[in-house]
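Single-structure report; data block below.
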There are 2 protein chains.
Amino acid sequence: MAESTAAWEPVPRSRTFELVLARIEEQILAGNLGVGDRLPPERELVELLGVSRAAVREALRVLEAQGVLRSRVGTGPASGSVIAAMPSEGLTQLLRLHMALANFPLADVVEARATLERSSARLAAGRATADDLARMHTPLARMDEVLPREEFNDCDTDFHVAIAEAGGNRLMADMTIAVRNAVRHTLLTAFHKLSDWEAVAARLRAEHHAIYDAIAARDAERAGDLVESHIRGFHRDIVSAVLENEEAGEP
Amino acid sequence: MAESTAAWEPVPRSRTFELVLARIEEQILAGNLGVGDRLPPERELVELLGVSRAAVREALRVLEAQGVLRSRVGTGPASGSVIAAMPSEGLTQLLRLHMALANFPLADVVEARATLERSSARLAAGRATADDLARMHTPLARMDEVLPREEFNDCDTDFHVAIAEAGGNRLMADMTIAVRNAVRHTLLTAFHKLSDWEAVAARLRAEHHAIYDAIAARDAERAGDLVESHIRGFHRDIVSAVLENEEAGEP
DNA sequence: GCCCGGGCTTTGGTCTGACCAAACAATTTA
DNA sequence: TAAATTGTTTGGTCAGACCAAAGCCCGGGC
């Protein structure tokens, strides 16, 4: 197995906050800490682990960024560091930056959206409750009105999110939400640059309604196909056309 | 639009480190900071932003956790805080914890894997280079030997990762890697509990070879179907059977 | 002139100890 | 009883110090 001698990164000796992080993760992985549970106060962790408060706080910041933790001052039941479950926030933030760093070309994101949302739509068609359908219908109805483009964009997002959540798969829903949020700004920019906005809006409305109908009719195949072509077609015909002359958006 | 009065979380007044984070993100989103660029030294950021070093460091920790930053001590060209691009590390870590928190039931993860990897396989079949195929074949060949289960599991991961990367879509590849890594421990546990390990290994080998052949033959449909049924079947027949009597794994 | 070694500088990593402010609880007061 | 006050807990912030790793630079020796 004599691999090339390169790529022998020196073992980065663990920093203190990483050790703290490891201890807390242990507790989570072992099941000793679940959603809703509270961590000991920072000052107490300092004693327990024998490190400085700064180290503890850096570890907590990381967990918070991952959507695993939520910190509040004060004394009440909602105070302190509480284990939470907000994966989509963390995911969204992470994807946003990496997309800005051009690690993820728009084409890749479109592909990912198409894949994830196609699957979500199929799941949704199979198991959406009346309640789920209502949640999908609300933004749909609002988009039928004349709206500012920003609001239209938000409703568009809400509609797709509702589908993902109706699928009943939190992981896929969260990834869908994160990816959709990550392109939110890009889409909004595209919306604002369109010359005949109303025509585009009309097309989107029609496609959304068709998707909704397919899901309501429990036609998984059709729902999946419609969503996929909706996403691909939209980006191909509209976004790329609008953005083709630019590199970076406005600063 | 008179929504219910609840859910009016008080705006959490931004904490200092969040402001620092925002400033750095601005630079990234505006394109002033790209991969490879260096941030000013911590002490300099302290002056520039007028905050304490602790606040700066907490912000940097967050970026580091997201795989956007890499910090090293010293003076050389690789020292300081450098913008990096390691999305899969951050994603993996994030998913790992949230899976442990049971936010993501195993069934959801399986569904996500099936969806993502099916799509990756189709992409790979369409564009895999000879080099990509070689990277897929290496772990495949190693799995044909008699290996410790842990190593077998690693090769299994490598094989699936190679497919994802051959697809040429970094976002989907990173999500695939993260999800696969997140279940690494679960799978390993299952492997160790199997009674007739060799039979299972044989089955996995055969399925892997079939997938490889389909991709090499550029048969996207077949590759996608095989991967999907490989993942679903494996979990249905093996993992769930092994884990059915348990709640939490060993601590 | 070239190489090598020791010291200097830069930079992140860590700790200490202090004070602030929010949120709530307990107590006193009208 | 109800309102106002005080106190306690807890995270948020800061200042300042010291450590250790990694290069860089300069001088001495070959």
Side-chain angles (χ1 to χ4, degrees), chain A residues 6 8-24 33 36-84 86 89, chain B residues 6 8-24 33 36-84 86 89:
Chain A
W8 267 103
E9 292 261 341
V11 174
R13 71 169 216 320
S14 276
R15 292 165 288 183
T16 314
F17 87 91
E18 290 178 311
L19 299 178
V20 175
L21 206 43
R23 292 302 181 91
I24 299 177
L33 278 177
D37 291 347
R38 293 178 45 172
L39 257 60
E42 293 180 1
R43 291 165 176 82
E44 201 169 312
L45 280 175
V46 167
E47 299 190 346
L48 290 174
L49 303 177
V51 300
S52 76
R53 204 173 150 207
V56 169
R57 285 178 59 79
E58 288 180 20
L60 296 185
R61 284 292 88 74
V62 170
L63 292 174
E64 198 175 317
Q66 291 172 336
V68 168
L69 210 65
R70 194 219 55 197
S71 294
R72 289 204 192 152
V73 295
T75 57
S79 72
S81 301
V82 181
I83 302 290
M86 321 179 290
E89 275 88 339
Chain B
W8 267 105
E9 291 261 339
V11 174
R13 72 163 218 324
S14 277
R15 292 164 289 184
T16 313
F17 88 91
E18 289 178 311
L19 299 178
V20 175
L21 205 44
R23 293 301 180 90
I24 299 177
L33 279 177
D37 291 346
R38 293 178 44 171
L39 258 59
E42 293 180 1
R43 291 165 176 83
E44 202 169 311
L45 280 175
V46 166
E47 299 190 345
L48 290 174
L49 303 177
V51 299
S52 76
R53 206 174 148 205
V56 169
R57 286 178 60 80
E58 287 180 21
L60 296 186
R61 285 291 89 74
V62 170
L63 291 174
E64 197 175 319
Q66 290 173 336
V68 168
L69 211 64
R70 194 220 53 199
S71 293
R72 290 206 192 152
V73 296
T75 57
S79 73
S81 301
V82 181
I83 302 291
M86 322 179 291
E89 275 89 339

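To find a chain, count down the sequence lines: A is the first, B the second, and so on, and within it residues start at 1. Just so you know, these numbers use all the heavy atoms, side chains as well, and skip hydrogens, waters and symmetry mates. Here the structure is a predicted model, which means the values were calculated and not measured.
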Can a donor-acceptor pair be found, under 3.5 Å and without considering hydrogens, that links the side chain of A:Arg70 to the backbone of A:Ala78? yes

Measure from CG on A:Leu60 to P on D:dG11 and round the result to the nearest Å. 8 Å

Please check: side-chain N/O of A:Glu18 versus main-chain N/O of A:Arg15, any donor-acceptor pairing under 3.5 Å? yes

Grab the CZ-P distance between B:Arg72 and D:dA21 for me, whole Å please. 15 Å

Can you tell me if B:Thr16 touches the phosphate of D:dT13, counting only side-chain N or O atoms and a distance under 4.0 Å to OP1 or OP2? yes

Side-chain N or O of A:Ser81 closer than 4.0 Å to phosphate OP1/OP2 of D:dG11: yes

Residues within residues 40-54 of chain B bordering DNA chain C, heavy-atom distance below 4.0 Å: B:Pro41, B:Glu42, B:Arg43, B:Arg53

Assess whether atom CZ of B:Arg53 is packed by more than 12 heavy atoms of other residues, nucleotides or ligands within 6.0 Å. yes

Is B:Leu39 close to B:Leu60 at the side-chain level, that is, under 4.5 Å between some pair of heavy atoms? yes

Rounded to the Å, how far apart are A:Arg57 CZ and D:dT10 C1'? 10 Å

Mind grabbing the angle between the end helix axes of the helix from C:dG1-D:dC30 to C:dA30-D:dT1? Five pairs an end, 10° rounding. 10°

Rounded to whole Å, CD of A:Glu18 lies from C1' of C:dG13 at a distance of 11 Å

Touch class at under 4.0 angstrom, heavy-atom based, for A:Arg70 against every strand present: nothing

